[in-house]
Amino acid sequence: MKAEQNQRLTQVGPGTPGGELLRRYWQPVAMLDEFDPSQAPPMAIRPVKAVRLLGQDFVLFKDTQGRFGLLDRDCPHRGADLAYGRNEGDGLRCPFHGWKFDVSGQCTETPAEPAGSTLCQRIRQRSYPLVEKAGALFAWLGPEGQTPPPFPALDCFVAPASHSFVFKGLWHCNWLQAFEVGIDPAHASYLHRFFNDAPLEGSYGKQFRGASAGDIGGERWPMTRVMREFDRPEISFTQQPWGLQLTALRPLNEALTHVRVTNDVFPQTFVIPLSETMTITQMHVPVDDTRNYWYAFFTSFDAPVDKATMRQQRLKAVTLPDYIPKAGRWNQWGFNPEEQRTRTFLGMGEDDINVHDQWACESMGAIQDRTREHLGTTDKVIMAHRRLLLQAMNTVAQGGTAPGIGDAAQAAGITGPDTVDGIAPAQGWQDWWQRAVRDKREGAPWSSAVEPAQTLLAGAK
């Protein structure tokens with residue numbers, strides 16, 4: 001890849017091809033947990049949060065009516081930082097000269113101006129449409145005056161609150177190299193290889209620790225064993241309305257094959273199985289060119305999610321309030337050479353494989369130099385996604401519509417998508433996985449739920 005092409009793929013700021021493309025899609029800006037005083041005590045005093053997204057600075061705040069507003073962060077008077085504003089319940093007041101803004105961005109007071117002044121009526125700070133879904137707030141940062149596409153009806157956004165859970169974390173690298181790990185079916189057999197398998201009973205909420213669906217000779221196999229012993233997957237993909245559907249086959253013997261079906265929801269989301277009854281929908285959201293937040297939405301097709309357990313498992317790895325990982329380049333991501341020799345292929349912990357992916361992404365550098373890489377057959381999905389990105393950037397730059405869930409004509413019809421991780425008959429695995437996902441979906445207590453009409457939160461324009 002040429003350096004110019006790599007730059008085009010990775011820049012996200014205003015006016016860049018990549019930044020303009022990503023602004024055509026709904027982006028998560030915060031979890032509701034970040035405004036919940038039980039999870040974030042300072043929010044009981046002042047529910048205001050500085051947000052940086054796609055290389056742009058915003059302030060997110062909540063008024064006493066429970067409405068959220070996302071505004072440009074520089075006060076339109078003389079540019080002071082509204083993230084330090086006084087939240088007075090009915091609006092955010094700039095401490096510099098007292099100008100006040102409601103959640104829609106409308107200036108409601110300019111107290112230093114002469115009595116009778118109507119200046120505030122003519123001042124509006126830009127605000128951005130917000131939607132609350134699956135425990136998170138999403139914003140649309142596209143061109144002012146343009147109508148956002150419908151919010152996508154992916155499973156994680158259709159499932160009720162009882163059956164969904166969201167968490168996030170910060171990685172110090174470009175969003176694309178982080179996302180590309182999620183659509184790489186081959187790496188799990190190496191990066192996440194465990195030399196021994198943990199008991200299945202304690203696998204709840206842990207990726208690759210549970211059993212694959214199905215059995216071998218009546219024996220349930222943990223995913224770690226499948227990944228370890230069958231490390232040369234046959235990878236294929238098909239283009240779908242949402243992006244790409246990925247299939248990785250690992251032949252076990254003449255009669256059985258392991259099937260793993262995952263999805264690339266263009267441009268920055270992947271959907272993978274966590275267990276037989278739970279999926280992960282993970283978005284990689286650029287803070288700027290050199291940092292990104294991953295937002296993981298867990299969706300249960302069976303019992304309600306045990307949110308306390310899921311949250312506690314993941315809080316151990318981050319520092320609040322900004323969900324900064326405790327492992328990183330500064331402490332070698334917790335690398336343990338004795339563990340690498342005896343227990344895991346990487347040597348960076350057995351409890352949380354997220355740090356494995358973090359190392360793979362961050363160790364490439366803040367922005368991977370793709371002019372130095374040598375791609376192989378297992379990277380076919382990576383190459384396909386990059387082609388889609390470049391095509392979409394060109395389309396948007398020429399005034400066209402962003403594809404997939406960014407296209408209002410397509411977004412409303414995109415649902416699911418389905419995933420599977422299981423042991424199937426070598427002949428007829430296609431029918432097996434379709435039947436497996438149909439049974440899973442029909443067994444979900446919320447499967448017949450109808451998505452309500454989308455409503456924008458107050459403050460959206």
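Index from 1, following the sequence. Here the structure is a predicted model, which means the values were calculated and not measured.
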Given the options Trp242, Phe179, Phe237, Asp264 meets side chain to side chain contact (heavy atoms under 4.5 Å, CB included) only with Phe179

Test side chain to side chain contact (heavy atoms under 4.5 Å, CB included), reference Leu53, set Leu22, Val285, Asp288, Leu70, output is Val285

Electrostatic pair [X]:[Y] at N-O distance under 4.0 angstrom:
X	Y	result
Glu442	Arg435	no
Lys316	Asp351	no
Arg52	Asp57	yes
Asp418	Arg438	no
Arg228	Asp197	yes

Calculate, to the nearest 0.5 Å, the distance between atoms [atom1] and [atom2] belonging to [X] and [Y] respectively.
X	Y	atom1	atom2	result
Glu339	Glu350	CD	CD	5.0 Å
Arg260	Ile272	CZ	CD1	5.5 Å
Asn174	Arg370	CG	CZ	6.5 Å
Cys156	Lys133	SG	NZ	10.0 Å
Thr269	Trp26	OG1	CH2	14.5 Å
Glu20	Gln11	CD	CD	12.0 Å

I want to check something: taking the side chain as every heavy atom from C-beta on, are [X] and [Y] in contact at a cut-off of under 4.5 Å?
X	Y	result
Val420	Val259	yes
Pro149	Asp407	no
Trp446	Asp155	yes
Glu229	Leu252	no
Lys2	Thr371	no
Lys168	Val318	no
Leu176	Leu389	yes
Leu191	Phe345	no

Item checked: Residues Tyr128, Glu144; criterion side-chain hydrogen bond (donor to acceptor under 3.5 Å, both in side chains); working and verdict -> CA-CA 8 Å; Tyr128 297 83; Glu144 195 165 11; over 6 Å; no

### Task
List the steps, then state whether side-chain contact (heavy atoms from CB on, under 4.5 Å) holds for Asp289 with Ile367.
CA-CA 7 Å; Asp289 290 352; Ile367 303 176; 4.1 Å; yes

Indicate whether any N or O donor in one side chain lies under 3.5 Å from an N or O acceptor in the other, for [X] and [Y].
X	Y	result
Ser236	Glu234	no
Glu373	Gln368	yes
Gln268	Gln27	yes
Asn394	Arg8	yes
Gln358	His356	no
Asp357	His192	yes
Ser189	Arg250	yes

Atom of [X], atom of [Y] and distance for their closest heavy-atom approach:
X	Y	answer
Thr378	Asp184	O-OD1, 4.4 Å
Leu130	Ala139	CD2-CB, 3.8 Å
Ala402	Leu21	CB-CD1, 4.0 Å
Gly365	Cys173	O-CB, 4.0 Å
Leu315	Lys326	O-NZ, 4.3 Å
Pro152	Ile405	CB-CG2, 3.8 Å

Q.
Is there a side-chain contact (heavy atoms from CB on, under 4.5 Å) between Leu154 and Ile414? Walk through the geometry before answering.
A. CA-CA 7 Å; Leu154 305 182; Ile414 293 175; 4.1 Å; yes

Ring centres under 6.0 angstrom apart ([X], [Y]):
X	Y	answer
Tyr323	Tyr293	no
Phe61	Phe35	no
His258	Trp221	no
Phe297	Phe157	yes

For [X], is the [atom1] atom crowded, meaning more than 12 foreign heavy atoms sit under 6.0 Å from it?
X	atom1	answer
Gln427	CD	no
Glu338	CD	yes
Asn196	CG	no

When His385, His187, Arg386 are each screened for side-chain hydrogen bond (donor to acceptor under 3.5 Å, both in side chains) with Glu180, the one that passes is Arg386

Q. Can you list the steps and then say if Val396 with Arg23 is a side-chain contact (heavy atoms from CB on, under 4.5 Å)?
A. CA-CA 10 Å; Val396 169; Arg23 281 166 171 77; over 6 Å; no

Exam field: side chain [X] to backbone [Y], donor-acceptor pair closer than 3.5 Å:
X	Y	answer
Asp72	Asp74	no
Gln245	Thr238	no
Asp379	Ile382	no
Gln39	Asp36	no

### Query
Within 45° of the six-membered ring axis of Phe165 and under 6.0 Å from that ring's centre, is NZ or CZ of Lys307 located there?
no

Check: Taking it one step at a time, do Met43 and Lys49 satisfy side-chain contact (heavy atoms from CB on, under 4.5 Å)?
Finding: CA-CA 9 Å; Met43 288 297 171; Lys49 188 174 184 66; 4.2 Å; yes

For this session: For Glu362 and Trp333, run side-chain hydrogen bond (donor to acceptor under 3.5 Å, both in side chains): C-alpha distance rounded to whole Å, both residues' side-chain angles, the deciding distance at 0.1 Å, then the answer.
Result: CA-CA 10 Å; Glu362 292 183 345; Trp333 297 275; 2.8 Å; yes

